[in-house]
Enquirer: 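Structure incoming, see below.
Computed from a predicted structure; not experimentally measured. Just so you know, ligand 1 is whichever comes first in the structure, and atom 1 is the first atom listed for that ligand.
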Amino acid sequence: MDRDGTLSHEVGYVNHVSRFRLYPWSVEAVRLLNRAGWLAVVVTNQAGVARGYFPESVIHEVHGVLGRAMADGGARLDAVYFCAHHPSVGEPPFRQDCDCRKPRPGLLKRAEAELGADLARSWVVGDRHGDLQLAWNVGARGALVKSGYGLGEWTHLAPRWPRPPDLVADHLLEAAERIVAGGATA
Ligand SMILES: [Mg+2]
Ligand SMILES: [Zn+2]
């Protein structure tokens, strides 16, 4: 799962923990994945660190809030992975042409190595085309949600995409329900 626009409101850079707001369906969506025996992993680009907009500590703070919200609702994220890099902006070590900035596969490869995620049977759910590209880059399937940037991308950009999403859903909970039910198609 992507974070901003998928699990939480897309508000631009979450440069302070107070700007982080989960969507009302997110805890239920993750709980559903947990109960169905799927790994629930968050993969997020947070280049605001490389750009100097906020320190890396903000990301950890936000993910603490995220984890507690999940726990309070009886849900569990198996991992929350982020890329704080940017290939051309800022100072090292955050300015680097890394392998983990989506749609590059590094964060998913980590899920494969650390959690045993079966990428060929996995889905990436996100609100932007880059999330779909990430999925396809590792042989997974990509689901577009219409929260965050999703509705705009679906309406204005998707007609020109060479490959359509494997699934389109109003939001993460609908995507999770359809994926878990199996046979999910766009
Ligand atoms: Mg997003
Ligand atoms: Zn990176």
Enquirer: Between the Mg ion (ligand 1) and D4, is there an N, O or S atom separated by less than 2.8 Å?
Expert: yes

Enquirer: Give the minimum heavy-atom separation between T6 and V145, together with the two atoms involved.
Expert: OG1-CG2, 3.9 Å

Enquirer: Taking the basic N atoms (NZ, or NE/NH1/NH2) and the acidic carboxylate oxygens, is any pair closer than 4.0 Å for R104 and D97?
Expert: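 The answer is yes: the pair qualifies as a salt bridge.
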
Enquirer: Give a yes or no on whether D131 keeps an N, O or S atom under 2.8 Å from the Mg ion (ligand 1).
Expert: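 So D131 does not bind the Mg ion (ligand 1) by this criterion.
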
Enquirer: If I take the Zn ion (ligand 2) as the centre, what angle separates the SG atom of C83 from the SG atom of C98? Nearest 10 degrees is fine.
Expert: 110°

Enquirer: Of the non-hydrogen atoms in D131 and D2, which two are nearest, and what is the gap between them?
Expert: OD1-CB, 3.7 Å

Enquirer: Of all N/O/S atoms in D127, which lies nearest to the Mg ion (ligand 1)?
Expert: OD1

Enquirer: Using modelled atom types and a 3.5 Å cut-off, is there a donor and acceptor pairing between side-chain atoms of E153 and backbone atoms of G150?
Expert: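 Here the side-chain-to-backbone pair does not exist.
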
Enquirer: Looking only at N, O or S atoms, find the one in D2 nearest to the Mg ion (ligand 1) and name it.
Expert: OD2

Enquirer: Provide the atom name of the closest N, O or S atom of H85 relative to the Zn ion (ligand 2).
Expert: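 Relative to the Zn ion (ligand 2), the closest nitrogen, oxygen or sulfur of H85 carries the name ND1.
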
Enquirer: Would you say CZ of R163 has more than 12 non-hydrogen atoms from neighbouring residues, nucleotides or ligands within 6.0 angstrom?
Expert: yes

